[in-house]
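Data first, discussion second: the structure below is written as structure tokens.
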2 protein chains.
Amino acid sequence: MDAKENLIVSTQELLWERGYVGMSPKAIQQKAGAGQGSMYHHFSGKAALALAAIERSAAEMQAQADSELSLQGSALAQISAYLQREREVLRGCRMGRLAQDPDIIANEALSLPIANTFTHLQQRLTEVLLQGQKNQEFQIDFNATDLATMIVSALQGGYVLARAENSDASFKRAINGLLHMLSTLIRT
Amino acid sequence: MDAKENLIVSTQELLWERGYVGMSPKAIQQKAGAGQGSMYHHFSGKAALALAAIERSAAEMQAQADSELSLQGSALAQISAYLQREREVLRGCRMGRLAQDPDIIANEALSLPIANTFTHLQQRLTEVLLQGQKNQEFQIDFNATDLATMIVSALQGGYVLARAENSDASFKRAINGLLHMLSTLIRT
DNA sequence: GTCTATAAAACGATAGAC
DNA sequence: GTCTATCGTTTTATAGAC
């Protein structure tokens, strides 16, 4: 298999597991089955490789969310599909975890794809909610932008609680609580 | 000032800024104005010092939340006081950020105070919501446990978005969205 | 493109003097 | 209790052969 591709995928995995600060070039090389010469031939260093991996993960996350939020059905159905997708909850969110990494946050290039991903998610959810309002699916008025951000936040926070408690129980409760709140907005 | 106390406080700060993996003993010593001899006299190593710091931060966070959730007033008033407390949003949550640290999660002793803190927050919020239900403050029924977890999650996720986007705008929108949802539950 | 050798610095700790 | 010296390992590369 392509060594460069292997390095990117391995870095995606390691960033998810250990973050940028906790990931060494040596670990990347071992996971990818590549030597130092190979890695430094394809990438100028740890930061450049991390950037490629983060951009890849960001694109994947956005594509996945876009597909769920484009399914046929009501706003609530689309949002439910997004929220109830099967997730490896205990691994946390690939993007959310990087937002806590000091060396990522200190580096504009590395943090840009992360910021863009969350901005994108909020925009798509806002559009879905606005469309629902236009279709008169809701009986209670609300600010679509605020609610969209709250939904993304609840999801991210659910991951945090799951990792902290080493259990997906809190994640599930958070999603249940959120979906129940959303269902009370619906015109019956 | 007490060198041991200084080391604990400095470690609290560094764990907040850089996490466990990103924090070196040397950095702790410099921040605390203590030498290596001093640090290794008072603590067996990095992990022991981190444990003392995490336990301290956990106790502080719980005490702060308890005080806000014990203010006189309705359930919504207490929760609003908790959610709208002034926060250094861009620094993230001291506990939440540690839940992403691989060496913390891999160490049961280090992660216990973090898990306990989130469990405690959820319990207190559940109690507040149950009391509100008992007082007939709500016109819509809901599961207090699920909603309590959702509130903690939205808060944690708000921190994540703020750090990712290097702005507190998303945090504020998440809180606004959450408070608006909660207000729709209220008996008018 | 990939390999091995080399290297300056940081990491996390230990030892022993004071 | 604190200081300085020392130590083995890991980190993050660079250099040059193949």
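Just so it is clear, the model here is predicted, and its values are computed rather than measured. By convention in this document, chain letters (A, B, ...) are assigned in the order of the sequence lines, proteins followed by strands, and residues within each chain are numbered from 1.
- As rounded to whole Å, 13 Å separates atom C1' of D:dT11 from atom CZ of A:Arg18.
- Distance A:Leu7 CG to D:dA13 C1': 15 Å, rounded to the nearest Å.
- Where A:Gly37 and B:Gly37 meet DNA chain D, the nucleotide closest to each residue was compared, and B:Gly37 sits on the side nearer the 5' end.
- Rounded to an integer number of Å, the gap from A:Lys4 NZ to C:dT2 C1' is 16 Å.
- The pair A:Lys172-B:Asp146 does not count as a salt bridge, with every side-chain nitrogen at least 4.0 angstrom from each carboxylate oxygen.
- Rounded to an integer number of Å, the gap from A:Tyr40 OH to C:dA5 P is 18 Å.
- Between the C1' atom of C:dT14 and the CD atom of B:Gln29 lies a distance of 13 Å, rounded to the nearest Å.
- Applying the 4.0 Å criterion to OP1 and OP2 of C:dG12, one finds that B:Lys46 has a side-chain N or O inside that range.
- Atom pair A:Gln36:CD and D:dA17:P shows a separation of 18 Å (rounding to whole Å applied).
- The side-chain hydrogen bond (donor to acceptor under 3.5 Å, both in side chains) test with A:Glu17 is passed by exactly one of A:Arg94, A:Arg97, A:Gln12, A:Lys31: A:Lys31.
- For the pair A:Ser24 and D:dT10, the criterion of a side-chain N or O lying under 4.0 Å from OP1 or OP2 is not met.
- Regarding contacts with the backbone of C:dC3, every side-chain N or O of A:His41 stays at 4.0 angstrom or more from both OP1 and OP2.
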Problem set entry | Check against side chain to side chain donor-acceptor pair (under 3.5 Å), B:Tyr82 and B:Arg124 | CA-CA 11 Å; B:Tyr82 172 61; B:Arg124 288 293 299 120; over 6 Å; no

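- Between D:dT2, C:dG12, D:dT12, one nucleotide has an atom nearer to the side chain of B:Pro25 than all others, and that is C:dG12.
- When the P atom of D:dG1 is taken as reference, atom CG of B:Asp2 falls 9 Å away, rounded to whole Å.
- Distance CD1 (A:Ile28) to P (D:dT10): 17 Å, rounded to an integer number of Å.
- A heavy-atom distance below 4.5 Å is found between the side chains of B:Met23 and B:Ile28.
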